[in-house]
Chemist: 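Just dropping this structure here.
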Amino acid sequence: MLDARSSIQHLASSILLLVLSSCSSLSFLTNPASEAVVYALGPREGHTSPLGADLKPACPALVFDGDGFKLSAAHEGAIRGVVTELGGNKKTRLLIAGYAQPDLPHDHARSLSERRAQAVRQRLIEFELDPSKIQTVGFGNDFSPSGPSSGVVVIYRQ
Amino acid sequence: MNPRALLFILSLAITGAQAEERGGIFGTLKGWVGAIPGLGGKKSEETPQKIMTRIRVTPFTGGTGASAEAALRKELLASREFFVAGPDEKAEFTLGGSSSGGRVNGRLLDVKGKELFQRTYAAPGLDENLKAFADDVIFTITGRPGLATSRIVFVSDRSGRRQIYICNAEGGEVNQVTHDRHGAVSPTLSPDSSLVAFTGYSSGFPVVNLLDLHAGWERGVTDTPGTSFGAAFSPDGTHLAVVMSFIGNPEIFVSDLNTNTASCISDSIGAPASPSWHPEGKQIVFSNDDGSGPKLNIVEVPQKEGAPSRLFRWRTGYHFCTDPEWSPDGRQIAFTTRKSGEWAVAVKPYPNGGSRIIQGGGAQHPSWSPNGQFITYVQHGGLFVHDVRSGSRRQILKGYGRISEPRWMR
């Protein structure tokens, strides 16, 4: 009796899942993965940490409000400015350092700041900068950046 | 209702009946439905009131016998595991032994006078020996580890930079264990408390290091580009779960400490952090922020290289959840959340059950005691120990700089 019931349930669930598999218009069933190519980081050699040297930012710090890591129009403008300033020199080494607000849980702050730095790096690569020359680091709220805001990404020219 | 959505819900309900044993999202749904009276849910049975085991400490012989006996009584009372009976009262277990020059020879007898164990403790200090004896007694009688020899590792900025410190369960015997040039953070202890894994900034970049507390050597585990942090030892101490970002995204990796190889177990487009192992070592809970605030996720650790692993979201009822840690029995997960604009420590049964805040007002970064009875956390820079059963708590360390990221040896 139990076996028969189980078989019926299995059959019904299989039919429903088959029907659902054709429902590609259901947005919550689609794969959220981005189509963009993500470039792994190259070796860190030749890059200097802002903790050990007085590095100059390539542009004003990119301020992130709230908890997100998506780039805003203001970030886009700043990134375009860096690309324009570099001109044809696509081989310039850059270090993109993320910092997070001091009130965030520490581990989450490290990951969020790294993720923001990676988002900026990805955009720079889309402007055809050499991926192997761009490093990221997420300091979370372990260190404070210079300037009035703490949830920022700073692009350092190396 | 959208007919396709209805089909999906029906499918979940049917599949959930089959997937009860598998847990996860289907098991959660079934558990939620099953908990409703009239839908197959059972009424919760009343937990019988715990009767404390009665234990008697007989006089110790030897030159330091009297001191040993007094210190042992203190340790047993502090453990809250036993009722320490007087000389004429009935007891289920009897402790005795001798102590000379700080060495301790202790034995434990059951109610029939049968010897359960007899051991010699020969560490340099009397207190150290009695803590070890008390923990052995607790483990033999209750099956749970004692806390007398357990350690809490934490970060403090008292030296001007964030460095790693270690203390005992009462906030005593504090020692600084790192002296990195730019600081050290995100510490965790190996199961036998011999190793500390932490993120060091000595090179100016975050690198996960291992420090042997006894031998003093230190070595890098993740000298990879990008950021590494959030190290957590597997229950058997052979693997380290860690967040690394060298592949172009922060992801959770499991590193084999013997072979120095690592495999990626998460598939995140967001910001994963704070991995914590299930006590059986087959699953890892971590927080992940996909852009809408960090939530808790659970991933199965592949037992063979290349084997598929299931990853699913574990709902807590809160929109912001970080720093998860599994209890030593695997039946609860503690985490940091946000309530009324302030940090709070919450506990939720695993796999099913409702979350409850055990401490608000800025409490964060919970870590379970090895026996699962207490949780340590930080609140406004102080270190607290919270009794999960009674709800009572006390600050074990204050005025020691700003303390953060505590982890209790498991």
Side-chain angles (χ1 to χ4, degrees), chain A residues 6 8-10 12-13 15-17 19-20 23 25-26 28-29 32-34 37-45 47-53 66-70 95 98 103-118 121-122 125 131 135-140 142-143, chain B residues 2 4-5 7-8 10-18 155 162 181-183 185-186 199 201 203-206 223-230 243 245-250 267-275 286-294 320-323 336 343 364-365 404-405:
Chain A
S6 171
I8 291 166
Q9 282 181 342
H10 185 74
S13 106
I15 291 168
L16 284 171
L17 286 172
V19 171
L20 283 169
C23 299
S25 60
L26 290 176
F28 60 89
L29 291 179
S34 167
V37 176
V38 175
Y39 290 89
L41 299 171
R44 196 186 272 151
E45 279 74 33
H47 286 81
T48 308
S49 167
L51 300 183
D67 299 335
F69 50 79
K70 283 191 175 155
L95 176 70
D103 59 334
L104 285 178
H106 298 292
D107 236 28
H108 171 59
R110 289 172 196 124
S111 194
L112 183 62
S113 62
E114 173 69 20
R115 190 68 189 75
R116 288 169 172 171
Q118 297 268 10
R121 176 179 183 265
Q122 186 68 22
I125 293 169
Q135 284 285 319
T136 60
V137 62
F139 288 122
D142 295 331
F143 302 95
Chain B
N2 185 329
R4 283 174 177 168
L7 275 174
F8 181 69
L10 280 170
S11 168
L12 278 182
I14 292 170
T15 315
Q18 297 165 354
V155 175
R162 290 183 183 172
R181 188 156 61 105
H182 299 296
V185 295
S186 194
T199 295
Y201 283 106
S203 68
F205 293 99
D223 194 6
T224 51
T227 300
S228 342
F229 59 91
V243 183
S245 66
F246 68 92
I247 59 170
N249 267 334
D267 184 13
S268 165
I269 54 168
S274 309
F286 63 98
S287 70
N288 184 47
D289 185 351
D290 60 4
S292 59
F320 195 109
C321 306
T322 60
D323 310 324
T336 303
W343 300 118
Q364 59 176 301
H365 206 281
S404 58
E405 303 186 85

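Lettering of chains follows the sequences in order, A, B, ..., and the numbering in each one begins at 1. The analysis underlying the following values was restricted to heavy atoms, covering all of them including side chains, and did not include hydrogens, waters or symmetry mates. Just so you know, these numbers come straight off a predicted model, no measurement behind them.
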Chemist: Just so I know, are the side chains of A:H106 and B:S404 near enough to count as touching, which here means a heavy-atom distance under 4.5 Å?
Modeler: yes

Chemist: Side chain, backbone, both or neither: which part of A:F143 has a heavy atom under 4.5 Å from chain B?
Modeler: side chain

Chemist: Is any side-chain heavy atom of B:F229 less than 4.5 Å from a side-chain heavy atom of A:S111?
Modeler: yes

Chemist: Out of B:A273, B:P225, B:S274, which one racks up the most heavy-atom pairs below 4.5 Å with chain A?
Modeler: B:P225

Chemist: Minimum heavy-atom separation for B:G226 and A:Q135, please, with both atom names.
Modeler: N-OE1, 3.9 Å

Chemist: Compare all side-chain heavy atoms of B:F286 with those of A:D107 and state whether any distance is below 4.5 angstrom.
Modeler: no

Chemist: Can you find a pair of side-chain heavy atoms, one from A:P105 and one from B:H365, that are under 4.5 Å apart?
Modeler: no

Chemist: Using heavy-atom distances under 4.5 Å, tell me whether A:Y39 contacts chain B through its side chain, its backbone, both, or neither.
Modeler: backbone

Chemist: Kindly indicate whether the side chain of B:D289, heavy atoms from C-beta on, has any atom under 4.5 Å from the side chain of A:L112.
Modeler: yes

Chemist: I'd like to know if the side chain of A:R115 reaches the main chain of B:G270, judged simply by a donor and an acceptor atom lying under 3.5 Å from each other, with no hydrogens or angles considered.
Modeler: yes

Chemist: Give the minimum heavy-atom separation between A:T48 and B:F205, together with the two atoms involved.
Modeler: C-CZ, 3.9 Å

Chemist: Can you tell if the side chain of B:H182 reaches within under 4.5 Å of the side chain of A:D142, non-hydrogen atoms only?
Modeler: no

Chemist: Among B:D323, B:N288, B:T199, B:V185, who wins on heavy-atom pairs under 4.5 Å with chain A?
Modeler: B:V185

Chemist: Where does B:T224 contact chain A at under 4.5 Å (heavy atoms): side chain, backbone, both or neither?
Modeler: backbone

Chemist: Heavy atoms only, distances under 4.5 angstrom: which of B:G293, B:G183, B:P272 has the most pairs with chain A? Name it, please.
Modeler: B:P272

Chemist: Checking B:D223 against chain A: side chain, backbone, both or neither under 4.5 Å from a heavy atom?
Modeler: side chain

Chemist: Below 30° counts as parallel, above 60° as perpendicular, anything between as tilted: where do the rings of B:F320 and A:H108 land?
Modeler: perpendicular

Chemist: Checking heavy atoms, do the side chain of A:L104, its backbone, both or neither come under 4.5 Å from chain B?
Modeler: both

Chemist: Taking every non-hydrogen pair under 4.5 Å, which of B:D290, B:V243, B:D267 racks up the most with chain A?
Modeler: B:D290

Chemist: Any side-chain heavy atom of A:Q118 within less than 4.5 Å of one from B:S245?
Modeler: yes

Chemist: Taking the side chain as every heavy atom from C-beta outward, state whether B:F246 and A:P43 have any pair of such atoms under 4.5 Å apart.
Modeler: no

